[in-house]
Each structure stands twice: as structure tokens, then as C-alpha cells.
Amino acid sequence: MVAANLPFNPPVAHVITPASHFSGSPMSKRALPVTRAENFPEWYQAVVRDADMAEASPVRGCMVIKPWGYGVWELLQRQLDDRIKETGHENCYFPLFIPKSFIAKEAEHVEGFAKEMAVVTHHRLKNVDGKLELDPDAELEEPLIVRPTSETIIGDAFSRWVRSYRDLPLLINQWANVVRWEMRTRLFLRTAEFLWQEGHTAHADEAEAREHTLRMLEVYREFAETVLAMPVIAGEKPENERFPGADNTYSIEAMMQDGKALQAGTSHYLGTHFSKAQDIRYQNREGGESYCHTTSWGVSTRMIGGVIMTHGDDDGLRLPPAIAPRQIVIVPMLRDKPEDAEVLAYCEALQKELSKRVALGAPVRAFVDKKATKSADKRWNWVRRGAPVILEIGPRDAAGGQVTFMRRDHLRDGDKIISTASSREAFIASAAALLEEIQASLFAEAKLRLDEAITPIASFADLEAFFGAAAEDDEAGVAFKGWARVAWSKPTGEALETVATRLKALKLTIRNAPMAQPASVGACIFTGAPGVEEVLIARAY
RNA sequence: CGGGGCGUAGCUCAGCCUGGUAGAGCACCUGCUUUGGGAGCAGGGGGUCGGGAGUUCGAGUCCCCCCGCCCCGACCA
């Protein structure tokens, strides 16, 4: 398969020089200083910045999420929260700080997180010769860990909350911030502090806990595809990619436009590891004592990075309407003339009408951009931010009962901006359908890309050829490879480490074993032994 | 934390080699002109040139140290 023409528009003939991307022929203008094809990582950063999503903060690795980015998070959060509650969970809040001894309770858990924990050791500062220093007299008896995840502190609560089988299942979720001191950070994709949701459940028996783990994975899959319009492959992580302390880890994996995989959500079956470590026991029907089987699962602000790299184009972000803080933006063409008042009144009336409509299960979010700047600038700002529908309303529209609109998902025909005129009534009547169509078309576009870019590969040599060929001069991360789907014998322990090492040489990892498996599987590409299942292999974020 | 690259205006960058007191385009402000589309002209605001310490009469430019960002590696939602 030739991958080069998969993700992007045909390579632009009119190469845009960074210093002058707003000059030159109007036909060649793009809203961003760099295209995906030129440099994908730089393009990503440009979108985050120019779409007003977030910015770096004075604290290394931490970000400021700006109103437009946080608005996306709130919509994402609300719709996922609904689903979490529909599946029987209740929200709680647990402390930011976790006693060091708690983390130490589960051996693998410690090992997995020890290298990236922020530790609070003092509770007071002292002024020493005009300098603020840690007060040696205020050292904590036991250091506190800023939570990297909350299994241990929630497990501690569970051990008190669970007495009898009648208390089970215990289904809890929390929305919180967590801290993992990462070596290398990228806005949204990997930050030292991030926002997420973590679900924690305790069950009487293994089968129910396992079922619940998969149920939440399915909630994530449906959520990602329906709300974020981001197609994913749900599957089980190989043993070496498991969450520290889990028996099984499942993920949803999304394909970014550079062909890399992004783990967009995880769900873990924790067995009885944490319940044994933390004494989460219950009295069973027979009067004896049993350990609970626990699960945990989470998605984070990383998903927003996934949305950007799934839907963004060379003009900026394209937001699925379901998570667009403003779905229909009305830009009045104001000209400092008396008729401005009429145009504005027309726009406001239009906004009011649109807001009465319901699309994707919620009132339409329509907005009139009254900011006193040039309308052309306002238009391009909304293009970069990815507002799904942008209207430009001038005096002629107002007088004639018309609207002129652009669809952000299909902004251009070649280099030309597609602007459509419609009667006001027809537009209002079809606005909800339009938003739903945009939601569907963004999904369809990404789904097609994902499906076409998964290549079955039957031998390790072919895998090397497939991924290795252009690996050398791929400094800008341009070469699009997509994913490979291969059969393997599911080795464990050292045999698996060997596989991982061979893949690492190609910068590859096993993403997951998709839930949907074929009836029969070929020979393992690593060992030649009979295959047990098929797995996806990719470069990853 | 290792290897490479880079930090000059809000953004994209020039100036650094060959030291002489800070620039361009876009953005922003004011005025005039223009008006179905990222307009034109004129004027203007904005930078302790990432930070510190040195060499020098003089440092954006040379030397040293530190910090941050980006890419690759190790680690990871």
C-alpha cells in the first residue's frame, strides 16, 4: 500500500514559507504557519496555539488550558460523565495527597510509578536572610505523594466501605487532576499534571469484575466514536504494556494523521492484587470472607490531543459539533455604517432562533462574534479554532433574509473557500441536521483513514520492510506508515521481552489485540509458532 | 537523564561569522480611504535580544554556567 496519499490533502504545490504565510496569492493562504505534511509535530503545536486551546505555563510540563480548550473539555466531560452515571457509577472526590506508605502497598504499582512521583515533604517555608527556604522543623513525618492515580487511596476507602456481599458491586468514579513527572511533555498529549476521570469498582466475583472492565472499555469506544468522532480500536494490551498491578489492561487506540497510535483510554481488571494489598474483603453468602475483585479505568485531557490530531487540517482545528463550545458562529460584517445596527439585530435574532434548536442531544450553541475587529480576522480565527459552522452576515443578507455560511469540515474546494448562501428559514430549519452531518462526516473521514491504514503483515521481514524503509530520514515525522496487523503466539515473560526489543529497534510497540478477532489466525511472525491472536503494531505517542 | 537543534516584539523570522547601542512581515493602536470578504495609505505603541556571570571603552553578536522549548533515545494516560 502506498501510504503517502492517505492522510493529507495532495502535497501543496504552493509551498508556504513560514515568514510570509499571509502574503502572496490569496489562493495559497492557509490559516496556519506550517502544514501537516511539512512538519507534523510543529503543526500540532501551531494548532494548539492558534486555535486558542492551551499554552505552556511557567511550571515545566504543565499547561494553561484556555477557555476554548477548557470548553471542549467540559463538553467532553459532561457527556462522558452521563455515560458513567448511566452505567451505575457515582462520583466521589478523594484527596490529592497520598501517604507514601499507601503507594508502597502494591509491589508492581510502586515499581511502575516510583520514577515519576511528585513528593511533598514540608508544610512550611522559612525566611532565611530574605530567602524562602524549606523549614527543617516543618518536615512531614511521612512524605505525601501527589497522586499519580488513586488506586491506593480509594482502595483504602473501599476496605472500610465494603463489609458484605450486599455492599457490592461498589461503583465509584472521580474527576480529578493527577501528576506524573514525565521526562518529555507535550501539550495535552503528555503533561506533568493532567485532568482525567478515574473509575474504581469492587466486585464480589471475578466474572463480574471482568465483565465490568470490558463494559467500561465499550463505554469509552462508543464515547470516542460518537462524541469525539474519533474511531478507535478496542483491544487488550500485551502483558508488557499492562498497568502496574493489573491482571489485564485494555485500551482504545486511535490513529493520528501521521499514522501513529494514541492510547485514548484504558480499562484494567486488577484481580485481587489491590484488595489483598489493602484488605478489601467482604463477608460472602456462606458467611466466609472473600477478597474483592477490583477494576479501574480512565481517560484524560490527552483525548483532546487525539481530537486535534484526528480532525485538524492545514487551516487549524476542526471540532466535532458534539464538543464544539460554539457550534455555529455568526460573524457580522460591520462597517462602521448606520446599517450595522440592522445587521447586528439580524444576527442576534438568528442566534436566538438557532439556540432553540436541538442537535446531537443538546441545544444548538450559536454565537454572534461582536468583537470590534475586522470581520475577515474574526472569520479566520474561528476557522483556526474549528467552529463547525461559520456564518458571515452582511447588510445584503440581512435585507434579503439570507445567510452565507461555511462548513469547517469541508472548508475548501482546492484552494477556494466554499461559501454557501441559503435563506434564513431554510438554514434555521436544517441547522441541527447540518451539525449532525458534520459530526458524521468527520467520523467517516477518520474511520476511512483508520481502516485503510491497517495493513495485514505476515512475517517479521515484511514488518521491517514496511516500517523500516523510510525510518532514517524521517526527522520531521512525516512518513506515514499506519498500523500493521499481525498474528502472534502471545508469548509471555522473557520471550515477550525479546519480541518487545525487536520491535523497539523499529520504534514499534504492540498496541493491542483487537476485541474483534478472525476465526483462524496465521503463524506468529516472531516465533513461527501457531498464532493465538492478531495484534496491532504501530509507532505510538 | 544521553545525542542533536533552537531561544531576538503577540506570531514567523533577519541581525551573530567580521562587537559600535535593535529590525522586517503579519498582528495591535490612531486617522483617512476602501467595502460581499484574510484591503490601501499615513502615523504610532510594543523587546532588560531566555537568565546569570565574564572579556571589552562598548556584547543580541565573543567566552563560561544555568534555564526553557523542539526532535531522537530511555519512560509514559
Side-chain angles (χ1 to χ4, degrees), chain A residues 16-34 39-42 44-46 49-50 55-61 112-116 148-149 178-198 220 237 241 243-244 249 251-253 262-268 296-306 315 331 333-337 339 343 372-384 390 392-398 400 402 404 406 417 419 421 471-472 474-477 504-505 507 509 539-541:
Chain A
I16 299 153
T17 57
S20 62
H21 62 280
F22 283 162
S23 61
S25 149
M27 288 286 115
S28 71
K29 288 175 186 175
R30 296 283 159 176
L32 293 182
V34 58
N39 189 326
F40 197 78
E42 272 183 29
Y44 175 78
Q45 291 190 87
R49 184 189 64 233
D50 290 351
E55 61 186 26
S57 77
V59 184
R60 187 192 164 275
F113 286 107
K115 284 163 286 183
E116 50 183 32
T149 178
V178 288
V179 169
R180 297 179 188 177
W181 216 260
E182 301 289 351
M183 285 298 168
R184 204 173 131 206
T185 59
R186 283 160 165 267
L187 294 180
F188 289 114
L189 295 177
R190 177 170 296 108
T191 45
E193 178 191 17
F194 57 94
L195 307 182
W196 78 345
Q197 148 280 315
E198 51 179 321
Y220 288 160
K237 286 283 192 189
E241 303 272 349
F243 175 78
T249 287
S251 71
I252 52 171
E253 302 282 332
L262 181 79
Q263 180 174 314
T266 51
S267 185
H268 315 288
S296 70
W297 26 275
V299 306
S300 71
T301 34
R302 166 181 266 198
M303 272 196 155
I304 295 176
D315 289 305
V331 177
M333 314 294 292
L334 304 176
R335 304 191 283 185
D336 276 330
K337 295 267 172 72
E339 62 261 33
V343 173
T373 55
K374 281 183 285 191
S375 35
D377 290 337
K378 289 195 279 193
R379 179 227 289 203
W380 285 103
N381 282 336
W382 290 112
V383 166
R384 277 185 282 267
I390 302 168
E392 293 186 310
I393 304 295
R396 225 177 286 166
D397 293 308
Q402 295 250 321
T404 307
M406 288 164 279
I417 303 290
S419 188
E472 280 69 28
D474 188 19
E475 281 184 14
K504 192 178 281 183
K507 303 179 186 176
T509 51
R539 301 207 166 123
Y541 278 95

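Each chain gets a letter, A, B and so on, in the order its sequence line appears, and its residues count up from 1. Computed from a prediction, not measured in an experiment: that's the story for all the values here. Excluded from the calculations below are hydrogen atoms, water molecules and symmetry mates; all remaining heavy atoms, backbone and side chain alike, are included.
Across all strands, A:E392 comes closer than 4.0 Å to base atoms (heavy-atom distances). Heavy atoms of A:T249 sit nowhere under 4.0 angstrom from any nucleic acid atom. Nucleic acid contact for A:K504: sugar-phosphate only, since backbone atoms but no base atoms lie under 4.0 Å from a heavy atom of the residue. Among the protein residues, A:F243 comes within range of no part of the nucleic acid, since none of its heavy atoms lies under 4.0 Å from any strand. Within 4.0 Å of A:S300, counting heavy atoms only, lies at least one base atom of the nucleic acid. When heavy atoms are screened at a 4.0 angstrom cut-off, A:D50 is found touching no nucleic acid atom at all. Within 4.0 Å of A:E182, counting heavy atoms only, lies at least one base atom of the nucleic acid.
Residue A:R180 has its side chain nearest to B:A77 when only B:A77, B:G37, B:U35 are considered. Side-chain proximity of A:K374 to the nucleotides B:A27, B:C71, B:G38 is greatest for B:A27. In the set B:U35, B:C11, B:C75, B:C75 carries the atom at the smallest distance from any side-chain atom of A:E116. When distances are taken from the side chain of A:R60 to each of B:G37, B:G68, B:U12, the shortest belongs to B:G68. If you check B:U35, B:A77, B:C71 against the side chain of A:K337, the one that comes closest is B:U35. The side chain of A:M183 sits closest to B:C1 out of B:C1, B:G38, B:A77.
Distance check on atom C1': B:G47 versus B:A24 gives 14 Å, rounded to whole Å. Between the P atoms of B:U21 and B:G60, the separation comes to 10 Å (whole Å). For the C1' atom pair drawn from B:C16 and B:C6, the interatomic distance equals 14 Å after rounding to whole Å. B:U56 and B:U61 have their P atoms separated by 16 Å, with the value rounded to a whole Å. Nucleotides B:U18 and B:C70 are separated by 33 Å at their P atoms, to the nearest Å. Going from the P atom of B:C63 to that of B:C28 covers 39 Å, rounded to whole Å.
For A:R186 and B:A77, the CZ to C1' distance is 14 Å, given to the nearest whole Å. Taking atom CG of residue A:D377 and atom P of nucleotide B:C26, one finds them 12 Å apart after rounding to whole Å.
Distances shown here put a side-chain N or O of A:R184 below 4.0 Å from the OP1 or OP2 atom of B:C72. Contact annotation: A:R384 does not reach the phosphate of B:C11 (side-chain N/O to OP1 or OP2, under 4.0 Å).
Mapped onto RNA chain B by nearest heavy atom, A:R49 and A:L187 fall at different nucleotides, with A:R49 at the one closer to the 5' end. Nearest-nucleotide positions on RNA chain B place A:W380 closer to the 5' end than the other of A:L189 and A:W380.
Remark: ring of A:F194 overlaps the six-membered base ring of B:A77 in a stacked fashion, centroids less than 5.5 Å apart, planes less than 30° apart.
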